[in-house]
Protein chains: 2
Amino acid sequence: MSNKKVTIRDVAARAGVSRATVSRVLNDFPGVKPALRERVNQAMDELGFAPNYFSQALAKGRSNSIGLMVRSLGGYFFGSIMVEVEEVLTKKGFHCMVCSGSGKYEAERAAVDFMLSRQVDAMILSTDCLSDEELIKINQSGTPVVLISRDIEEIRDQCIRFDDATGGYNATQHLIENGHRDIATVTGPMTNRDARSRLQGYRKALEDNDIPYRPELVLESNFQVPGGKQATEKLLAAGHKFSAVFYGSDEMAIGGVQALNQAGLSVPDDVSVIGFEDVPLNEFLKPQMSSMRIPVSDIGHLAAMRALSLVDQEPLDSALEVQVELMERESVIAT
Amino acid sequence: MSNKKVTIRDVAARAGVSRATVSRVLNDFPGVKPALRERVNQAMDELGFAPNYFSQALAKGRSNSIGLMVRSLGGYFFGSIMVEVEEVLTKKGFHCMVCSGSGKYEAERAAVDFMLSRQVDAMILSTDCLSDEELIKINQSGTPVVLISRDIEEIRDQCIRFDDATGGYNATQHLIENGHRDIATVTGPMTNRDARSRLQGYRKALEDNDIPYRPELVLESNFQVPGGKQATEKLLAAGHKFSAVFYGSDEMAIGGVQALNQAGLSVPDDVSVIGFEDVPLNEFLKPQMSSMRIPVSDIGHLAAMRALSLVDQEPLDSALEVQVELMERESVIAT
DNA sequence: TTGTACGCGTTATCAG
DNA sequence: CTGATAACGCGTACAA
C-alpha cells in the first residue's frame, strides 16, 4: 500500500538542498561538492527514490529507448536477433521496444509510426515494404535508422547486410560439386532483398558451370515451413526432373523434406537438400540439414551497437556485409 | 528537417479555442459542440498533430502499455505467446513491452523492476524465480499481474495454467497403452511448476498401472534441445533398459532423438518418444513427433485479455486451466 | 459549453 | 558551486 511516489522534491527536502542539485547528482553533473553529493545520495537511498521515466523523457526530449521492428516475433531467426539486441541495449541502460511488421506495408508503417510516437531515439528495422525514400526521410527527420538486410546508398553505413549472393552461389556450387546438375530452388518472396540475392547467386553458379537456367525449377515461396512444403509439392507435381534443391531458408527446407518424403523420395539418397540461415535446430534434424550459416547473433550485436553510436552521434565504422558460411552436414550427397 | 513538433497549443491557436478544448476532443470527452469539435479536428489534421506520449503519461499517470516477461525471447513457445499478446494489445491501443527473464532470479527481478519503472499499467509474467510473496506484493502495489503457469491462491483468477498434470498423465498413459513398461522421462528444471506437474502426472500414470516408479529413469534437464540430448546420453550411458521416453518438452525430445540415433537406436522402432508443447515443427520432423499440444496462442490471448480487464478494473472470468491434448503421430509405436 | 490555471516530475537557464 | 524558476506538453478541477 505505502505507495506514495517519492519525488526529487522529497529528496531535496530531506537533503536540505534544492531540486536542481538533486537533479545534478542524479545526472552525474560535474561541479557538486562531494559532501553535498553524498548527502543527496544518502537521502535518495533512504527514501527509495527512483526518477520518473516520463518526466525525464519529457524534460530532456530523449527516451533512452530504441525501437526494433522484426518481420515476426516468432521463429528462430528474429528471435536470436532480439535476444542479442536486447542484451546489448540493457547493458547500456537502454530499453528495446519490439514491434512486428509481419511483412505487410500497413503493419510496418504503423509499427514505425508507433515507435516514432514513442520517441525512440533510434530504430533498427528489418523491412521489405517501406521504400528507400520513406526510410531516408525518417532517418533525416531526427530518428536515425539501422537497416537489417537492405542496401540504400545514401545511408549505406547504416545498413547491415549478409552476403546473400555469395551464400546462394556457394550453396549452389556445393550442390554442383557433388555432381548435381538438375537443381531446383525455392526462394523467399521476391519483395525481399535476401531472397533476390540468394536467387541471383544461384543463377550465377549455374552460369559459371555452364548449366542452363531453367525457370521451371524456380519457385517463389515465403520463407516458412508450410510454404516450403507446398512449393515442393508443386515442383513434384510439375514432373520436372531434379536431383537437388536449394531452399532459401531452413524452414522451407524442413517443409520440403517432408513433402519429398511423402512423395516416397528419400533425402539425401534420392534428392539432396540445402537450406539457408542455419537455425540451431538443423544439426538435430534427421538427416542433419546442410545449410548456409548466417551469424545472426553478430548481426543483432552489430545493429544494436550501430544504433547506439547513431544516438550518440558517433561516427560509424564503414559499411559491412556479414559473411555466410557453408555448413556441410548430411542432407547433401554426391549423385 | 521541418521538425517543429506541433503541440496542443498550436492546434488551439489554429482552431481559435483554448487548449482545454483541444484536450477534450482529443480524449473524446462529451460536451463539446459538434461544430467546435469539427474545427479542432480539422486543425489537428492540417497541422499533423500527434499528442506527446510522455506528456500524456506524465499527466494522467498511465502509460497505456503493459509489460510481458518471457523466459526467453527466442524459441517457438514464447514466440507464439508474444505474437498473440502483441496482437491483442495493439488492437486495443496498448503497447506491449517485452523483456526476457532468462530463468535467473536477478534477471527476472531486474526486468520486473524495469517495467515498473516504466510504469506499465499491468504485467504478464512467466516466472519461475520470483516468489509468491513478491508477486502478491507487486500486484497489491498498484500494478496488476497476470501469471502464466503459476498457481497462487490469493490471486488465482490472475493465473493462467495448463493442465500439465493431466498432460503428463496422458502422455505416459499413451505409452503404456502401447505396451511400454520401461518408460524413462526427461523433465524440465524442477524449479518450474510445469516441469513438476508433468512429472507428477507421469508418476500417477505409472502408479495407476501398477508399474513401479524407478528414479534412475528420471532425469532433470532444461527444456532445451542440447539439454535433452545430454540427458538422453546420460540415460544411455547408465545402461538401464527402457523402451520409451516421455520428454517434458519437444525441444528436449528433438535432442533426445538425436542422441538415440547416434547410439544406433531408431525412433520409434527401438524406442518410442513423446514430447510436450507441440511446437509447430513437430509434424515436419522425421519421424513426426507425437506430443501433448498446449494451445499457446489461446494462452497469449487469454493473458492479454485478462491484463486489459485488470487495467480497467473489470471483474475477471473465474480461474481457468487450459487443456492439453494428445497429438498422435509417428514417434510412438506399440512395443 | 468553454476557458483559466495549476499540477505531473524533471531538466535547463539563469542569477547569485 | 548552488538555488530559484521557467520550460516540457498535456490533463483536469474549478470558474465562468
Side-chain angles (χ1 to χ4, degrees), chain A residues 3-44 47-65 93 95 116-121 142 311, chain B residues 3-44 47-65 93 116-121 142:
Chain A
N3 213 18
K4 300 277 150 236
K5 327 227 162 203
V6 15
T7 81
I8 206 178
R9 215 173 199 108
D10 305 321
V11 178
R14 180 122 165 118
V17 300
S18 75
R19 287 178 292 155
T21 303
V22 178
S23 177
R24 286 192 188 97
V25 346
L26 201 56
N27 293 286
D28 274 324
F29 274 119
V32 178
K33 273 222 181 97
L36 258 199
R37 186 182 290 278
E38 185 43 44
R39 218 162 75 211
V40 173
N41 275 321
Q42 193 175 333
M44 295 214 227
L47 266 37
F49 167 81
N52 180 299
Y53 171 64
F54 298 116
S55 306
Q56 291 192 144
L58 178 58
K60 41 183 168 195
R62 199 212 215 229
S63 66
N64 251 264
S65 70
H95 173 62
L116 250 20
S117 81
R118 235 63 163 186
Q119 290 179 226
V120 293
D121 301 324
V311 172
Chain B
N3 213 16
K4 299 278 150 235
K5 327 227 164 205
V6 18
T7 81
I8 205 178
R9 213 174 201 107
D10 305 320
V11 178
R14 181 125 164 112
V17 299
S18 76
R19 298 186 337 236
T21 304
V22 178
S23 176
R24 286 193 186 97
V25 344
L26 202 57
N27 293 286
D28 273 324
F29 272 116
V32 178
K33 273 224 181 95
L36 259 199
R37 185 182 292 277
E38 186 42 44
R39 219 162 76 210
V40 173
N41 275 320
Q42 192 177 331
M44 294 214 220
L47 294 160
F49 167 80
N52 180 297
Y53 170 64
F54 299 115
S55 306
Q56 291 193 145
L58 179 58
K60 45 183 167 193
R62 198 212 216 229
S63 65
N64 253 265
S65 69
L116 251 19
S117 81
R118 236 55 165 191
Q119 290 180 227
V120 292
D121 301 325

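Labels below follow one simple rule: chain letters A, B, ... track the order of the sequence lines, proteins then strands, and each chain is numbered from 1. Computed from a prediction, not measured in an experiment: that's the story for all the values here.
Inter-residue side-chain proximity for B/T21 and B/R39 is flagged as unmet; no heavy-atom pair is nearer than 4.5 Å. Using a 4.5 Å cut-off on side-chain heavy atoms (C-beta onward), B/N52 and A/Q119 make contact.
Distance, B/Q119 CD to C/dT10 P: 10 Å, rounded to whole Å. As a whole-Å value, the separation of A/R62 CZ from D/dA7 P is 24 Å.
Of all the heavy atoms in A/F49 and A/V6, the pair that sits closest is CD1-O, 3.3 Å. Among all heavy-atom pairs drawn from A/Q56 and A/L26, the shortest one is OE1-CD2, 4.2 Å. Residue A/S63 comes nearest to A/Y53 through the heavy atom pair O-OH, 2.8 Å, listed as atom of the first residue, atom of the second, then distance.
Regarding contacts with the backbone of D/dT2, every side-chain N or O of A/S18 stays at 4.0 angstrom or more from both OP1 and OP2.
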- Item | Under 4.0 Å protein heavy-atom contact, by nucleotide of nucleotides 8-16 of chain D - B base, S sugar-phosphate only | BBBBBB---

